[in-house]
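Below is one structure, written out as structure tokens; comments come after it.
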Amino acid sequence: MLQKIATLRAEIEALTAASADEAEALRIKYLSKKGLIPALMADFRNVPAEQKREVGAAINALKDFATERITALRDAATATVSGADIDLTRTPAPAPAGTRHPLSLVREEIIAIFRRLGFTIAEGPEIEDDWHVFGALNFAADHPARDMQDTFFIARNPDVLLRTHTSSVQSRVMEHTEPPIRIICPGRVYRNEAVSARAHCFFHQVEALYVDKGVTFADLLQTLQYFAAEMFGSDTKIRLRPSYFPFTEPSAEMDISCDLCGGKGCSFCKGTGWVEILGCGMVDPAVLSSCGIDPDVYSGFALGMGVERITNLKYRVNDLRLFSENDVRFLDEFAGTH
């Protein structure tokens with residue numbers, strides 16, 4: 001028995017393994033229930049009583065040696081594969097490529113169009129004060145927008161709120177900047193709305209402001225025509241309808257011709273041939289004055305649009321909730337979109 005143990009030890013000492021699979025095969029051969037070393041233990045009952053102590057110690061030592069030897073062979077084979085055969089610069093799998101959010105795509109497209117007209121980006125805080133959101137923009141003290149059912153106020157403080165439009169950025173810029181001013185203000189805004197397919201408590205806007213000497217409604221009209229052609233195609237027609245906003249006078253809402261029916265009328269445009277996309281107007285002289293700009297010297301125009309609205313028109317997304325539900329199946333539909 002002792003000779004057999006010595007022979008097995010020499011055999012195990014000479015073992016080699018080029019891979020983890022080979023090392024596992026050796027473990028099965030020598031250490032599994034039907035392996036060579038457990039077979040020796042099964043024969044242990046046939047060893048004479050006077051040799052049992054010596055043979056038992058030798059078998060245990062052989063088992064420990066075999067375990068350590070085969071483990072070392074397995075670790076060496078694994079280390080060789082990891083270090084030599086694996087490209088550590090590769091992205092771990094599976095790692096599907098992500099896609100840009102449709103709101104980001106449209107936002108950047110809007111910004112790029114206005115940049116070509118010389119506008120620069122201006123940003124401001126989302127948590128604002130009443131003056132920059134309402135007061136400086138000619139909102140009356142009893143205007144419905146100041147009510148809690150329309151606006152999120154912070155800690156019940158009527159002077160601190162989540163901005164309801166990015167016009168607050170315009171008032172901040174006009175306060176501290178000498179005209180000419182030509183800015184676009186992209187950002188997230190908040191309103192106390194019930195979440196549904198057509199409304200949400202937060203959404204995104206891009207507003208534009210141009211203040212200088214001699215700015216007229218004709219400048220606004222040319223800007224709107226350029227934007228519509230660049231965003232929706234050169235055949236797009238626009239129309240302006242009189243409207244009311246506290247911070248512009250005169251004010252208008254702009255429609256574009258429906259690109260689904262070519263202006264003939266369909267279910268998307270509700271049979272009118274037109275789709276509303278933004279509000280605009282000449283900056284009210286009272287707003288200029290409250291921001292420290294002389295309305296007798298300067299004039300300007302402002303316009304604002306919802307990014308979700310433009311995205312709906314471009315990609316036919318009919319449920320606003322899809323934009324914020326983080327469903328990768330929805331985002332996958334925009335793979336490859338630039």
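- Shown here for Cys185 and Ile183, the closest heavy-atom pair between the two residues is SG-CD1, 3.7 Å.
- For Phe301 and Phe217, the ring centers sit 6.0 Å or farther from each other.
- A 4.5 Å side-chain heavy-atom check between Leu240 and Leu224 finds at least one atom pair inside the cut-off.
- Ring pair Phe114/Phe119 is perpendicular by interplanar angle, where above 60° counts as perpendicular and below 30° as parallel.
- The environment of Asp294 atom CG is dense: over 12 non-hydrogen atoms of other residues, nucleotides or ligands sit within 6.0 angstrom.
- In this structure, NZ in Lys63 is found 12.5 Å from CD1 in Ile12, a value given to the nearest 0.5 Å.
- Between His165 and Phe134, the two ring planes are tilted [angle within 30° to 60°].
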Exercise for the section: Would you please test Arg172 and Asp129 for salt bridge (Lys or Arg N to Asp or Glu O under 4.0 Å) and show each step? Expected result: CA-CA 11 Å; Arg172 284 185 174 274; Asp129 57 64; 3.7 Å; yes
Exercise for the section: Go through His204 and Glu308 one step at a time and tell me if the side chain to side chain donor-acceptor pair (under 3.5 Å) criterion holds. Expected result: CA-CA 7 Å; His204 302 79; Glu308 282 84 351; 2.8 Å; yes
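- A salt bridge is defined here as a Lys NZ or Arg NE, NH1 or NH2 lying under 4.0 Å from an Asp or Glu carboxylate O, and Glu276 with Arg309 fails to meet this definition.
- Inter-residue side-chain proximity for Met231 and Lys314 is flagged as met; some heavy-atom pair is nearer than 4.5 Å.
- Residues Leu221 and Ile238 form a side-chain contact, since some pair of their non-hydrogen atoms from C-beta on lies under 4.5 Å apart.
- Here the closest non-hydrogen pair linking Phe245 and Ala252 is CE1-O, 3.6 Å.
- Other residues, nucleotides and ligands place no more than 12 heavy atoms under 6.0 Å from the CZ atom of Arg198.
- When the options Glu126, Glu207, Glu123, Arg188 are evaluated for a side chain to side chain donor-acceptor pair (under 3.5 Å) with Thr166, the one that passes is Glu207.
- In the hydrophobic cluster analysis, where Ile, Leu, Val, Met, Phe, Trp and Tyr join through side-chain heavy atoms closer than 4.5 angstrom, Tyr190 is grouped apart from Val195.
- The shortest distance between side-chain heavy atoms of Asp150 and Thr164 does not fall below 4.5 Å.
- Within 6.0 Å of the CD atom in Glu325, the count of heavy atoms belonging to other residues, nucleotides or ligands exceeds 12.
- Annotation: Arg239, atom CZ; neighbour count of heavy atoms from other residues, nucleotides and ligands within 6.0 Å is above 12.
- Using a 4.5 Å heavy-atom cutoff, the side chains of Phe247 and Asp284 are not in contact.
- Placement of Val275 and Met305 within a single hydrophobic cluster is found when ILVMFWY residues are connected by side-chain heavy-atom separations under 4.5 Å, directly or transitively.
- Residues Leu162 and Ile127 form a side-chain contact, since some pair of their non-hydrogen atoms from C-beta on lies under 4.5 Å apart.
- For Asp327, the CG atom is densely surrounded, since the number of other residues' heavy atoms within 6.0 Å is greater than 12.
- Atoms CG and CD1, from Leu36 and Ile5 in turn, are 12.5 Å apart once rounded to the nearest 0.5 Å.
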Practice task
Starting from the C-alpha separation in whole Å, work towards a yes-or-no answer on side chain to side chain donor-acceptor pair (under 3.5 Å) for Glu11 and Tyr30.
Solution key: CA-CA 11 Å; Glu11 182 179 320; Tyr30 290 96; 2.3 Å; yes
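- Residue Arg53 places its CZ atom among 12 or fewer non-hydrogen atoms of other residues, nucleotides or ligands, all under 6.0 Å distant.
- Looking only at side-chain heavy atoms (C-beta outward), Val317 and Phe323 come within less than 4.5 Å of each other.
- The two residues Glu193 and Ala199 come nearest to each other via the heavy atoms OE1-CB, 4.3 Å.
- Ring geometry for Phe330 versus Phe334: interplanar angle over 60°, hence perpendicular rather than tilted (30 to 60°).
- The two atoms that bring Ile181 and Val173 nearest to each other are CG2-CG1, 4.0 Å, heavy atoms only.
- Taking 4.5 Å as the limit, every side-chain heavy atom of Thr151 sits out of range of all side-chain heavy atoms of Val133.
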